[in-house]
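As structure tokens, the structure follows; a few thoughts come after it.
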Amino acid sequence: MKRRLLALATTALFALTVTACGSSAEPSGTSDTASPAAGLTLKSVQDAGVLNFGTEGTYKPFSFHEGGAGDLTGFDVEVAKAVAGKLGVEAHFEETQWDAIFAALEAGRVDVIANQVTINPDREAKYEFSAPYTVSQGVVVTNADDTAISSFADLKGKTTAQSLTSNWYELAKESGATVEAVEGWAQAITLLKQGRVDATINDKLTYLDSQQTNPDDGIKIAAETTDSSHSAMAFRQGSDDLVKAVDEALEELSTDGTLAKISQQYFGADVTK
């Protein structure tokens, strides 16, 4: 049971980015007849004076337009700008739908993806990744006064609110919970506060974003998965020295507190470690 639970948690965490972006499948790549673009060197980027980031622009709080039509902003956007600054180049953003974002990278339309790309073995076989700049877990959220649930095992015999198309649904079922179907986070929290369900399972980033946007002391995190998901910037293969330079930039931004500051702005917590 424990081994199976951890496996499901890991699967769910690997799928966070796909689920959050509303896609049920891995983004498509280039066609079989297309020749992928070559990797980039740090020198070529610095000679050009610009690093082109692929991002959605519709994925709040990571990459979105303030008020729907304002400037592009978000956690990933600000991290990307900070990294480009460390490299001495300008950050340019190419907004691309999630289903086409890896194809844009492979075709050379963007240099790097900054859009909460979760690192997993399948992607590591195709792309190069920077050091992670976002770390998250799956969490059980309950009412603040609930003392009956403090672990995933405590969900046995309880009722949780989950989207039936999410990986959290599988984790809830494996934990022994009865699942009440909902369309998303907002509906799940409504049922929780009404006492119609005992808990909901979701990504910790979703919880933190909700609390930052609409603080609610009536709910709490009751338990977290032991496994974490790690999101990073994705590059074409052959971009080794550029990736190394980005890693060094991220390390400097972590050491000087910049990453923590950006994280606090969007999540009220440091999600970069």
Side-chain angles (χ1 to χ4, degrees), residues 13-14 16-17 20-21 39-57 59-64 72-96 101-102 104-105 110-121 123-137 203-205 208-209 212 227-273:
L13 287 162
F14 279 160
L16 289 181
T17 305
C21 294
L40 286 174
T41 64
L42 175 61
K43 184 178 185 304
S44 66
V45 169
Q46 291 179 327
D47 285 348
V50 63
L51 188 57
N52 293 301
F53 293 89
T55 195
E56 283 184 274
Y59 185 17
K60 192 174 182 178
F62 303 103
S63 168
F64 65 100
L72 182 68
T73 188
F75 176 72
D76 286 58
V77 171
E78 297 308 316
V79 171
K81 288 179 179 178
V83 166
K86 286 290 185 182
L87 299 184
V89 300
E90 179 184 350
H92 176 268
F93 296 92
E94 186 72 28
E95 295 178 46
T96 306
I101 204 165
F102 281 92
L105 177 66
V110 301
D111 303 328
V112 51
I113 300 172
N115 199 83
Q116 285 301 293
V117 180
T118 305
I119 302 172
N120 65 35
R123 289 173 180 164
E124 286 184 305
K126 300 176 183 177
Y127 311 103
E128 292 191 36
F129 282 91
S130 70
Y133 62 92
T134 315
V135 180
S136 187
Q137 299 80 33
D203 172 31
K204 187 175 183 179
L205 296 180
L208 291 174
D209 173 43
Q212 184 75 351
D227 294 318
S228 299
S229 68
H230 297 80
S231 295
M233 295 181 184
F235 302 77
R236 291 188 295 279
Q237 291 187 348
S239 302
D240 305 63
D241 75 326
L242 176 59
V243 174
K244 180 180 179 181
V246 168
D247 285 350
E248 291 172 352
L250 287 169
E251 179 63 28
E252 291 177 14
L253 293 167
S254 177
T255 300
D256 68 18
T258 300
L259 290 184
K261 183 178 179 180
I262 295 171
S263 182
Q264 286 287 344
Q265 176 185 349
Y266 288 98
F267 298 103
D270 188 358
V271 301
T272 66
K273 297 179 180 179

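Heavy atoms only: backbone and side chains are in, while hydrogens, waters and symmetry mates are out. Positions are given from 1, in the same order as the sequence printed here.
Side-chain contact between F129 and V117: present, with at least one pair of heavy atoms (C-beta onward) separated by less than 4.5 Å. Annotation: side chain of M233 is in contact with side chain of V83 (closest heavy-atom distance under 4.5 Å). L105 is not listed as a side-chain neighbour of I101, based on a closest heavy-atom distance of 4.5 Å or more. Taking the side chain as every heavy atom from C-beta outward, Q116 and T134 approach each other to under 4.5 Å. For the pair H230 and S228, the minimum side-chain heavy-atom distance is below 4.5 Å. For the pair P132/I119, a side-chain contact is recorded, criterion being any heavy-atom separation below 4.5 Å from C-beta on. Considering only heavy atoms from C-beta on, D209 comes within 4.5 Å of F267 through its side chain. Looking only at side-chain heavy atoms (C-beta outward), F53 and E95 stay at 4.5 Å or farther from each other.
For the atom pair OH (Y133) and CG (L250), the distance works out to 8.5 Å, reported to the nearest 0.5 Å. Taking CD1 of I262 as the start and NZ of K81 as the end, the distance is 10.0 Å to the nearest 0.5 Å.
No donor-acceptor contact under 3.5 angstrom links the side chains of Y59 and D76, judged on distance only. Under the 3.5 Å distance criterion, with hydrogens and angles disregarded, no donor-acceptor pair is assigned to the side chains of E94 and T55. T258 and D256 form a side-chain donor-acceptor contact under 3.5 Å, judged by distance and modelled atom types alone. Between S63 and E56, the side chains place no donor N or O within less than 3.5 Å of an acceptor N or O (distance only, hydrogens not considered).
For the pair E128 (side chain) and F235 (backbone), a donor-acceptor distance under 3.5 Å is absent. Under a 3.5 Å cut-off, the side chain of N52 and the backbone N or O of D111 do not form any donor-acceptor pair. Remark: side-chain polar atoms of Q237 are paired, donor with acceptor, to backbone N or O of A125 under 3.5 angstrom. A distance-only check finds a donor-acceptor pair linking the side chain of Q212 to the backbone of Q265 [under 3.5 Å]. In terms of modelled atom types and a separation under 3.5 Å, the side chain of R236 and the main chain of Y127 share no donor-acceptor contact. A distance-only check finds a donor-acceptor pair linking the side chain of T255 to the backbone of E251 [under 3.5 Å].
Considering L40, V45, L42 as possible partners of D241, the one that fulfils the side-chain contact (heavy atoms from CB on, under 4.5 Å) test is L42.
In plain terms, the two heavy atoms of D270 and S263 that are nearest each other are CA-OG, 3.4 Å. Residue S136 comes nearest to D203 through the heavy atom pair OG-OD1, 2.5 Å, listed as atom of the first residue, atom of the second, then distance. Of all heavy-atom pairs between S229 and T118, the closest is CB-CG2, 4.1 Å. Across all non-hydrogen atoms, the minimal contact from F102 to A234 is CE2-CB, 4.5 Å. Nearest approach of E78 to T73, heavy atoms of both residues: OE2-OG1, 3.5 Å. Heavy atoms only, all atoms of each residue included: L51 and L242 are closest at CD1-CD2, 4.4 Å.
Relative ring orientation between F75 and Y266 is described as perpendicular, the plane-to-plane angle rising above 60° on a 0-90° scale split at 30° and 60°.
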D247 vs S130, test: side-chain hydrogen bond (donor to acceptor under 3.5 Å, both in side chains). Steps then yes/no. CA-CA 6 Å; D247 285 350; S130 70; 4.5 Å; no

Report the C-alpha separation of V77 and F93 in whole Å, then their side-chain angles, then the decisive distance to 0.1 Å, and conclude whether the side-chain contact (heavy atoms from CB on, under 4.5 Å) test is met. CA-CA 8 Å; V77 171; F93 296 92; 3.7 Å; yes

Taking it one step at a time, do L205 and V271 satisfy side-chain contact (heavy atoms from CB on, under 4.5 Å)? CA-CA 8 Å; L205 296 180; V271 301; 3.7 Å; yes

